Amino acid sequence: MIEARWYEKKEDQKVRCILCNHHCLIKEGKRGICGVRENQRGTLYSLVYGKPIATHVDPIEKKPLFHFLPGSSSFSVATAGCNFRCRFCQNADISQAGEMRRMPGTEMAPKEIIAAALGARCQSISYTYTEPTIFFEYAQDMALLAEAQGLKNVFVTNGYMTKEMLESIYPYLHAANVDLKSFSDEFYKTQCGARLAPVLETLKMMKRQEIWVEITTLIIPTLNDSKEELLRLARFIADDLGPETPWHISRFHPTYKITDLPITPVKTLQQAWDIGKEAGLRYVYTGNVPGDPAEKTHCHHCGHLLLDRFGFSILKNNLQQGNCPQCHTPMSGRGL
Ligand code: SF4
């Protein structure tokens, strides 16, 4: 446990956290919405600093990032807690653990994480599984050490962080996969306990800061799968973030609080893929359907196969110094 870095002291021993767009005003003895930042006698503490609940070596494709150091391993780290309350959360056992009196996890200092990542020959650290914003002090200390050792830093995030937080990590953050869960504010309010607009602002700011960004949308039958909504979402990516921004459309499986809806039909994912292309996106991928033709990367200019994938594995890399071997058009991305 350490004193938080992003908060303001208020009257009557209250504090205002400024890490994410909930801007929680926290009374003495209480925690913020994420459940892992606690006001003790007028001082805000991070309860999860140095206490990962999960560490794992993953292919970078699992984040998913398909255009960033393809084929490399990423050391993944998460603590308990999340600032969202997604009713369809796929990691609810660790993301919604923030109400526990004692934080679960093992003790691991930032330098131990970096040593483990180097030992496993990873090229990056991914702050993932839960939400890096809520363990930001820990993530930032790891990111600084990682950068010094030549490792890249990756956030897998819901994009709800404040501008202040993003500015403080910017020089050390190299890539992000951001969930754009819907293009409806109502969906964000009722399904996630958040709002849409701050997520859109984060995405635009990340692009301005030249962080490599890929987007993921979990398509949930009847909740966010209308053609009209998906087209508006895809147009936002193409027009406001750029047509080179990859869009991962992922298959929903019933889980946590949504067990009464079916698995997303493959046909719905194919329609979403068509919508992404219609909006002008160069790279659209399906997720959670291993073996689907839409998990491969083709040259957006001539259609030549550049990266052949099965699930999270690269079967063949045809790139020549990051370019298409047939028409020499560069593939968008970093570290290709
Ligand atoms: S990080 Fe947690 S305490 Fe801080 S504003 Fe967000 S939900 Fe509230």
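The structure presented is a predicted model; accordingly, all values stated were derived computationally and were not measured. Numbering starts at 1 and runs along the sequence shown. Both counts, for ligands and for their atoms, begin at 1 and track the order of listing.
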Going by ring-ring contact (aromatic ring centres under 6.0 Å, His included), name the residues that satisfy it together with Phe236, two or more places apart in sequence or in a different chain. Phe183
Which residues share a ring-ring contact (aromatic ring centres under 6.0 Å, His included) with Tyr49, sequence neighbours left out: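 Checked Tyr49 against ring-ring contact (aromatic ring centres under 6.0 Å, His included); matches are Tyr138.
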Can you confirm if the NZ or CZ of Arg309 lies within 45° of the ring axis of Phe66 and under 6.0 Å from the centre of its six-membered ring? yes
From the options Phe135, Tyr127, Trp212, Tyr172, select the one residue that forms a ring-ring contact (aromatic ring centres under 6.0 Å, His included) with Phe155.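 When ring-ring contact (aromatic ring centres under 6.0 Å, His included) is applied between Phe155 and each of Phe135, Tyr127, Trp212, Tyr172, only Tyr127 qualifies.
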Using a cut-off of 2.8 Å, how many protein N, O or S atoms sit around atom 6 (Fe) of ligand 1?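 With waters ignored, the protein N/O/S count below 2.8 Å is 1.
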Using a side-chain heavy atom cutoff under 4.5 Å and only I, L, V, M, F, W and Y, what cluster partners does Leu315 have?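 So far as hydrophobic clustering goes, Leu315 is joined with Phe310.
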Identify whether the distance between the nearest side-chain nitrogen and carboxylate oxygen of Asp141 and Arg5 falls below 4.0 Å. yes
